[in-house]
2 protein chains.
Amino acid sequence: MNRISSAESPNKCSTCVLGQFCLPVGLSADDANKIDTLVTERVRLKKGDSLYRQGEPLTAVYGIKFGTLKTEYALPDGREQITGFHLPGEMLGLDGIGENHYQSNAIALEDSEACVVRFSDFESLARQIPSLQHQFHRILSRELTQDQRHLLSLGSLRAEERLASFLLNLSDRLAARGYSPIEYHLRMSREEIGSYLGIQLETVSRLFSRFTESGLIQIKQRHIKLVDMDGLLELAGKSRAIHCANPSKAA
Amino acid sequence: MNRISSAESPNKCSTCVLGQFCLPVGLSADDANKIDTLVTERVRLKKGDSLYRQGEPLTAVYGIKFGTLKTEYALPDGREQITGFHLPGEMLGLDGIGENHYQSNAIALEDSEACVVRFSDFESLARQIPSLQHQFHRILSRELTQDQRHLLSLGSLRAEERLASFLLNLSDRLAARGYSPIEYHLRMSREEIGSYLGIQLETVSRLFSRFTESGLIQIKQRHIKLVDMDGLLELAGKSRAIHCANPSKAA
DNA sequence: CGACGCCTTGACCCGTGTCAAGAGGGGTGG
DNA sequence: CCACCCCTCTTGACACGGGTCAAGGCGTCG
């Protein structure tokens, strides 16, 4: 883990292309200047490095600048589960605010970089800029909604439905960041996908094979192409079909 | 659903016994007075009434005054899952902040009452009272942690482990509110427990029978008594054993 | 070039789902 | 106040999805 002060490499939030994810829109020049003081350093991570670990005292929350991270939550008996995969623009460490200690491990799946936001500074600035405060509440709230969707997936969907909705969810989030929604690189192993979805790695592998036979996807190693979006949406329990399928036919 | 204005029935947060759950501690008299203006009305619910429904625009968040609520999240294809059971002092509606619309249904499991907190008023007050702001962030954050624990339960534990940790979780939360941690009334049906835990109601019923045979619990209808706490902790994946089991033997 | 880690595939089995029948309690109407 | 009905819960039999164990292929990195 490698710290970079913003003196060496200036890092203005106001000009960051990821601002749309972290920050409120339509700030005054004055407010934008204040926000630029928030991130005084960034952290560079190599694949496998952890950004923070369960139990460490919380001093900062993080915004992902580039790369991919996983968060995992462990039981004292050793069992653990991946609770999320995180892309640029997403915030990490929020689950640590409640107890002032991080509640999970955050680990880089590839070389990554995160902006360090000292939390007390952030709260003080949020009191001065109502739209920043509200944006932060929205981020926390969306995190809750995301977790609820995940809960429904683990509790009510069959393995193939979970995997299909996982692929579509990644697709959406990559598209929002300007990447192709139909072809992308999986940064995580079969085992990590399985952990996230509450199934075994062998099942993930078998399902990828089955999806390929059915003409839903093409996959080679970790490079995946979603061939039949509608078919995947069908499998994913139509959870987004009313929003996304056949938009041209919408009334 | 029955609205009560605070003129008819004064309702001061500063003297509410549940304040320890909702509010920061150590407020000045001045701040306490401001907080007392937050809740201008309460809502009375009969069993089965909903406090809000998925898709409705969000104007307020809620604090439970008394009673028990469930929140459930639905897929467009009709499948749905209970994502939480909520006790007095807990806040509801937080998942709606992100999209300005509630993302779940909140339904009373028994006659209940909730304090209405107009969200824009709340944010404005939180900007004036740092400890209120921070407390709200802690509440949101703990909600996230709770969901992560639930995710781990659904993804990594077997049915009997899920049920055991569910019973212990209820026990803890009831104890924190001054009720008996070893004997309580289940406000939800077997089907609702199953939905929450991602298992079928028949499995819940069979497990209750098995737990009874093993001497872990006694159960008659919805009245349950936890007879062998250590045994339940053992089953629950030791997820809390290091904190709670055999405290007298702790180093 | 070799070794290790990751992935695929097969065989078998167990936990849980599904379907079905019946018991028990509580509420409602006569 | 009693009887009936309906809802909830229990229990059994059986089926199946996915877990577990095992063997082998493939790509990558040292």
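Naming convention: chains lettered A, B, ... in sequence-line order (proteins, then strands); numbering from 1 in each chain. Everything numeric in this text was worked out from a predicted model, so none of it was measured.
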Nearest-neighbour nucleotide for the [X] side chain, [options] considered:
X: A:Ser209; options: C:dG25, C:dT9, D:dG19; value: C:dT9
X: B:Ser189; options: D:dC9, D:dG27, C:dT16; value: D:dC9
X: B:Gln200; options: C:dA11, D:dC9, C:dG17; value: C:dG17
X: B:Ser205; options: D:dT11, D:dG27, D:dG19; value: D:dT11
X: A:Arg158; options: D:dG18, C:dT16, D:dT8; value: D:dG18

**Item:** Parallel, tilted or perpendicular, as decided by the 30° and 60° cut-offs, for the rings of B:Tyr62 and B:Tyr52
**Value:** parallel

Of A:Glu183, A:Gln218, A:His185, the one forming a side-chain hydrogen bond (donor to acceptor under 3.5 Å, both in side chains) with A:His223 is A:Glu183

Does any part of the side chain of B:Leu186, heavy atoms only, come nearer than 4.5 Å to the side chain of B:Ile219, both counted from C-beta? yes

With sugar-phosphate meaning primed atoms plus P, OP1 and OP2, does [X] contact a base, only sugar-phosphate, or nothing at under 4.0 Å between heavy atoms?
X: A:Glu202; value: base
X: B:Arg206; value: base
X: B:Thr203; value: sugar-phosphate
X: B:Arg210; value: nothing
X: A:Arg162; value: nothing

